[in-house]
Asks: 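One structure, pasted below without further comment.
Just so it is clear, the values below take in all heavy atoms, side chains as well, and ignore hydrogens, waters and symmetry mates. None of these values were measured; they are calculated from a predicted model.
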Amino acid sequence: MKTRELQRIIESIPASDGAGVKLRRSLGAQPGLRHDPFLMLDEFFSDDPDDYLAGFPAHPHRGFETVTYMLDGHMQHKDNHGNTGDLGPGDVQWMSAARGIIHSEMPQQTEGRMRGFQLWLNLPAKEKMRPAAYRDIPSSQIPSVDGVKVIAGRYKGKTGPIHGGSTDPYYLDVHLSPGESFEAELPEGHGAFVYVYEGEAAVGEKSSRVPNRAAGLLSDGSQLKVTSKDGARLLVLAGKPLREPIVQYGPFVMNTREEIEQAIADYQSGRFSSEAIGKLTLPA
Ligand code: FE2
């Protein structure tokens with residue numbers, strides 16, 4: 001049994017996206033700053049409406065999955081097929097953009113706190129051009145055990161609403177009281193990291209410190225151990241690496257430059273708008 005140790009810290013840096021939403025980006029903040037199969041992690045957190053009101057007006061995606069997890073506030077999404085959905089505190093939207101979706105993500109509040117995350121998870125070449133699909137997962141459908149919310153993958157006998165598939169993702173939200181420790185089994189070979197969004201935590205047998213609002217990339221192993229002297233809240237993410245070439249142009253993530261050019265051409269010619277969008281189903 002091998003414990004995962006801290007390999008690298010990626011501090012989050014202030015960034016802006018959509019129509020000017022202020023956020024903090026760790027993974028994805030620079031080209032190549034990824035952790036296969038993860039492409040990007042944004043944290044948005046503000047009590048000031050000016051930081052988030054502009055939202056994310058209509059924009060396309062192709063070639064990967066976006067996962068939005070709300071902690072506080074209320075966001076509405078709409079897509080090019082007229083589908084609409086609301087995300088409130090604790091809710092998740094798991095969207096497989098695959099060959100194309102155009103959607104908007106707009107705050108439904110004019111005051112108060114808006115806090116949450118958006119994760120970009122890559123898709124393998126053979127799935128990048130499948131029809132888009134997504135699933136809105138209300139907080140009530142996310143199992144919780146010993147202060148851990150299991151959004152994807154498995155923890156202590158609980159299976160999250162998303163599990164399996166080509167990247168077999170794990171997405172846990174962990175709350176640690178002062179002095180408390182957390183241990184989880186993560187499949188060996190999965191790329192894994194933690195993101196500490198409140199307090200500070202220490203990982204591995206070496207108790208290596210992961211600062212506040214930073215991603216801690218982990219070495220391989222089957223066991224994760226996290227402790228926190230003063231208490232912490234953190235995300236634990238793991239997924240099976242794809243080991244494929246990545247060519248990214250903004251919201252398009254493909255394997256080759258030609259595929260990116262095709263994505264731009266398809267978007268400009270309006271082909272994204274006619275794409276079908278389905279309900280995300282789990283692999284058998
Ligand atoms: Fe989006």
Side-chain angles (χ1 to χ4, degrees), residues 10 15-18 21 23 25-42 56-68 77-81 83 93-105 117-135 152 162 164-171 189-193 215 217 237-283:
I10 300 177
S16 164
D17 212 334
V21 178
L23 44 85
R25 184 164 291 167
S26 47
L27 266 69
Q30 288 169 32
L33 210 54
R34 308 183 180 108
H35 195 47
D36 194 7
F38 300 102
L39 301 165
M40 191 188 84
L41 179 66
D42 282 348
F56 304 89
H59 60 276
H61 293 285
R62 174 178 278 182
F64 60 102
E65 303 193 290
T66 66
V67 184
T68 307
H77 72 89
K78 286 184 180 171
D79 67 37
N80 50 293
H81 278 255
N83 299 308
Q93 187 200 50
W94 201 287
M95 184 175 87
S96 186
R99 78 174 172 222
I101 192 166
I102 299 172
H103 75 158
S104 62
E105 299 154 291
F117 304 93
Q118 188 165 94
L119 175 77
W120 287 13
L121 174 60
N122 207 0
L123 282 170
K126 62 181 191 314
E127 295 175 15
K128 282 183 183 292
M129 292 301 277
R130 290 201 308 198
Y134 64 81
R135 191 172 153 192
I162 300 290
S166 46
T167 54
D168 186 29
Y170 279 59
Y171 193 147
H190 271 38
F193 70 101
L217 310 192
L237 292 148
K240 197 172 166 190
L242 297 171
R243 304 188 205 289
E244 289 179 1
I246 294 173
V247 183
Q248 177 170 5
Y249 179 77
F252 306 135
V253 182
M254 303 301 288
N255 300 104
T256 67
R257 205 187 142 83
E258 291 69 34
E259 289 166 346
I260 289 293
E261 282 163 7
Q262 189 63 52
I264 295 167
D266 287 351
Y267 178 56
Q268 287 174 345
S269 67
R271 203 168 298 166
F272 275 45
S273 306
S274 57
E275 292 290 0
I277 295 165
K279 187 170 155 39
L280 189 64
T281 50
L282 290 170

Asks: Please determine whether a side-chain nitrogen of the Lys or Arg among Arg25 and Asp17 lies less than 4.0 Å from a carboxylate oxygen of the Asp or Glu.
Replies: yes
Asks: For the pair His35 (side chain) and Ala192 (backbone), establish whether a donor and an acceptor sit closer than 3.5 Å, ignoring hydrogens and angles.
Replies: yes
Asks: So do Leu121 and Leu39 actually touch side chain to side chain, heavy atoms under 4.5 Å?
Replies: no
Asks: Give a yes or no answer on whether the side chain of Asn80 reaches the backbone of Ile102 with a donor-acceptor pair at less than 3.5 Å.
Replies: yes
Asks: Which residue pairs satisfy the salt bridge (charged side-chain N to carboxylate O under 4.0 Å, His left out) criterion with at least one member in residues 117-128, sequence neighbours excluded?
Replies: Glu127-Arg130
Asks: For the residue pair Gly18 and Phe56, what are the closest heavy atoms and their distance?
Replies: CA-CD2, 3.4 Å
Asks: Measure across Ala97 and Ala132 and return the closest heavy-atom pair with its distance rounded to 0.1 Å.
Replies: O-CB, 3.3 Å
Asks: Quick check: closest heavy atoms across Leu33 and Ser26, and the distance to 0.1 Å?
Replies: CD2-O, 3.9 Å
Asks: Phe64 and ring pair (Phe, Tyr, Trp, His ring centres under 6.0 Å): which single residue from Phe252, Phe38, Trp120 fits?
Replies: Trp120
Asks: For Ala125, what residues pass the side-chain contact (heavy atoms from CB on, under 4.5 Å) criterion, not counting sequence neighbours?
Replies: Glu244, Asn255
Asks: Locate the shortest heavy-atom distance separating Ser104 from Pro57; write the atom from each residue and the value.
Replies: CB-C, 3.9 Å
Asks: Taking side-chain contact (heavy atoms from CB on, under 4.5 Å) as the definition, give me every residue that meets it alongside His103, ordered by chain and number, with sequence neighbours left out.
Replies: His59, His61, Asp79, Met95, Glu105
Asks: Of all heavy-atom pairs between Leu242 and Pro124, which one has the smallest distance, and what is that distance?
Replies: CD1-N, 3.7 Å
Asks: Under 3.5 Å, is there a donor-acceptor pair linking the side chains of Gln118 and Thr68?
Replies: yes
Asks: Using a strict cut-off of less than 4.0 Å between a Lys/Arg side-chain nitrogen and an Asp/Glu carboxylate oxygen, indicate whether Asp266 and Arg62 qualify as a salt bridge.
Replies: yes
Asks: Dump the intermediate steps for ring pair (Phe, Tyr, Trp, His ring centres under 6.0 Å) on Tyr134 and His77, then the final yes or no.
Replies: CA-CA 11 Å; Tyr134 64 81; His77 72 89; 5.1 Å; yes
